[in-house]
Amino acid sequence: MDDRDLWERHAGWWQDGFTDGADAEYEDQIMPLASEWLTDARSVLDVGTGEGQIARLAVRDGATLVVGVDPTVAQLAVAQERGGGACYARANAGALPFPDASFDAVVVCLVFEHIADHAPAIREIARVLQPGGRFLFFLNHPLLQAPNSGWVIDHVLEEQYWRIGPYLVEDVTMEELAPGVVLPFVHRPLSQYVNAMAAHGLLVERMEEPMPPERFLARAPEYRDAATIPRLLFLVARRVV
């Protein structure tokens, strides 16, 4: 099955589990960070908008023009239904249908881990940003959440260690996230993202690796054990050329 078909098929799973207040990490961590860094933005593009929760947030925070783009029809249909003042269009990150320098902020939240080729998307983001514009980049932490990362229990020393998977190896895996829900995840080292940004005039000026939020940690004892292992990486980059 084509990746696009998988996202169409599982759009409802995403909407039910990760939007409209359902997910602690979005509500307690991602949305506050997005709001903080969109405070003075007036024209915002949300790439991979899904059903539009960050686009709606940007409108509530005072942006006068907010556009969300996504390749998934089932996501955009719900975004339109939920309203909130943003406009929506069907588009891929690697071919954004906007003129140069159209926005003073671009947000991409948990999207690049599903994009097969990151370079065209970053080039397009830089193109549609105004000089001085801000790129907000949310990503599953590529180092500490690399494939096959997790706890190793040493029964001799009675200690446990967080194992880091093969970080430097670019990898595409099909992950079962819930019964019957299988989606592609792309792992690549952080340097590939940062170097692509630099190549297109996007200068990283802020980096956050927040601790998982309390409501997430409270879900299970094994989550509490990983309280010092960030799941999220957040970068803010500025278009300087």
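The figures that follow rest on heavy atoms only: side chains count, while hydrogens, waters and symmetry mates do not. Just so it is clear, the structure is predicted and the values come from calculations on it, not from any experiment.
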State yes or no: do [X] and [Y] share one hydrophobic cluster built from I, L, V, M, F, W and Y residues joined by side-chain heavy-atom distances below 4.5 Å, directly or via other members?
{"X": "V44", "Y": "L110", "result": "yes"}
{"X": "M174", "Y": "F185", "result": "yes"}
{"X": "F112", "Y": "M197", "result": "yes"}
{"X": "L168", "Y": "L144", "result": "yes"}
{"X": "V107", "Y": "V111", "result": "no"}

Less than 4.5 Å apart, side chain to side chain, heavy atoms only: is that true for [X] and [Y]?
{"X": "I30", "Y": "C109", "value": "yes"}
{"X": "L233", "Y": "P142", "value": "yes"}
{"X": "Q29", "Y": "F234", "value": "no"}
{"X": "R163", "Y": "W151", "value": "no"}

N/O donor to acceptor pairs below 3.5 angstrom from side-chain atoms of residues 50-61, sequence neighbours left out:
| unit_1 | atom_1 | unit_2 | atom_2 | d |
| --- | --- | --- | --- | --- |
| E51 | OE1 | R56 | NH1 | 3.4 |
| E51 | OE1 | R56 | NH2 | 2.7 |
| E51 | OE1 | R82 | NH1 | 2.5 |
| E51 | OE2 | Q53 | N | 2.9 |
| Q53 | NE2 | F18 | O | 3.1 |
| R56 | NH1 | E51 | O | 2.7 |
| D61 | OD2 | S35 | OG | 2.7 |

Identify the two heavy atoms, one from [X] and one from [Y], that lie closest to each other, and give their separation to 0.1 Å.
{"X": "D70", "Y": "G48", "answer": "OD2-C, 3.3 Å"}
{"X": "P230", "Y": "P210", "answer": "CB-O, 3.6 Å"}
{"X": "L217", "Y": "P212", "answer": "CD1-O, 3.6 Å"}
{"X": "P166", "Y": "P147", "answer": "CD-O, 3.3 Å"}

What distance separates [X] [atom1] from [Y] [atom2], expressed to the nearest 0.5 Å?
{"X": "L232", "Y": "M211", "atom1": "CG", "atom2": "CE", "value": "13.5 Å"}
{"X": "S102", "Y": "L65", "atom1": "OG", "atom2": "CG", "value": "8.5 Å"}
{"X": "N140", "Y": "E113", "atom1": "CG", "atom2": "CD", "value": "4.5 Å"}
{"X": "R238", "Y": "L203", "atom1": "CZ", "atom2": "CG", "value": "9.5 Å"}
{"X": "D16", "Y": "H10", "atom1": "CG", "atom2": "NE2", "value": "13.0 Å"}
{"X": "M31", "Y": "Y26", "atom1": "CE", "atom2": "OH", "value": "8.5 Å"}

R188 side chain vs L190 backbone, donor-acceptor pair below 3.5 Å: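 Side chain of R188 to backbone of L190, a donor-acceptor pair under 3.5 Å: no, none is there.
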Donor-acceptor check, side chain of S149 to backbone of Q145, threshold 3.5 angstrom: yes or no?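 No, because the side chain of S149 does not come within donor-acceptor range (under 3.5 Å) of the backbone of Q145.
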What residues, two or more places apart in sequence or in another chain, satisfy ring-ring contact (aromatic ring centres under 6.0 Å, His included) together with Y167?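 Result, ring-ring contact (aromatic ring centres under 6.0 Å, His included) vs Y167: H187.
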Going by the rule side-chain contact (heavy atoms from CB on, under 4.5 Å), which residues pair with R219 if we only count those two or more places apart in sequence or in a different chain?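 Checked R219 against side-chain contact (heavy atoms from CB on, under 4.5 Å); matches are D23, A24, F216, Y223.
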Report the C-alpha distance between Q160 and D225 in whole Å, list the side-chain angles of each, state the deciding distance to 0.1 Å, and finish with yes or no for side-chain contact (heavy atoms from CB on, under 4.5 Å). CA-CA 10 Å; Q160 61 182 9; D225 291 340; 3.8 Å; yes
Below 3.5 Å, can you tabulate the donor-acceptor pairs from side chains in residues 119-139 to any protein atom, sequence neighbours excluded?
| unit_1 | atom_1 | unit_2 | atom_2 | d |
| --- | --- | --- | --- | --- |
| E124 | OE1 | L96 | N | 2.8 |
| E124 | OE1 | R127 | NH2 | 3.1 |
| E124 | OE2 | R127 | NE | 2.8 |
| R127 | NH1 | F98 | O | 2.7 |
| R127 | NH1 | D100 | OD1 | 2.8 |
| R127 | NH2 | L96 | O | 2.9 |
| R127 | NH2 | F98 | O | 3.0 |
| R134 | NH1 | W37 | O | 2.6 |
| R134 | NH1 | D40 | OD1 | 3.4 |

Derivation of the side-chain contact (heavy atoms from CB on, under 4.5 Å) call for E170 and Q192: CA-CA 10 Å; E170 187 166 342; Q192 293 197 24; 3.4 Å; yes
Using salt bridge (Lys or Arg N to Asp or Glu O under 4.0 Å), reason through R224 and E214 one step at a time and then give a plain yes or no. CA-CA 9 Å; R224 178 73 62 188; E214 178 60 32; 2.7 Å; yes
Derivation and outcome, side-chain contact (heavy atoms from CB on, under 4.5 Å), residues S43 and T64: CA-CA 6 Å; S43 54; T64 54; 5.8 Å; no
Could you walk me through whether D46 and V67 pass the side-chain contact (heavy atoms from CB on, under 4.5 Å) check? CA-CA 6 Å; D46 182 15; V67 181; over 6 Å; no
Not counting sequence neighbours, list each pair that qualifies as a side-chain hydrogen bond (donor to acceptor under 3.5 Å, both in side chains) and has a residue in residues 176-185.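 Those involving residues 176-185 do not exist here.
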Name all pairs fulfilling the ring pair (Phe, Tyr, Trp, His ring centres under 6.0 Å) condition that reach into residues 56-89, sequence neighbours left out, sorted by first residue then second.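 Non-adjacent pairs meeting ring pair (Phe, Tyr, Trp, His ring centres under 6.0 Å): zero.
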Salt-bridge contact D104-R42 (side-chain N to carboxylate O under 4.0 Å):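 No, no charged N to carboxylate O under 4.0 Å.
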Start with the C-alpha gap between Q75 and E8, add the side-chain angles, then the distance that decides, and say whether side-chain hydrogen bond (donor to acceptor under 3.5 Å, both in side chains) holds. CA-CA 8 Å; Q75 295 282 27; E8 294 286 359; over 6 Å; no
With L235 as reference, evaluate E208, M207, R206, E205 under the side-chain contact (heavy atoms from CB on, under 4.5 Å) test and give the passing residue.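 The single option meeting the side-chain contact (heavy atoms from CB on, under 4.5 Å) with L235 is M207.
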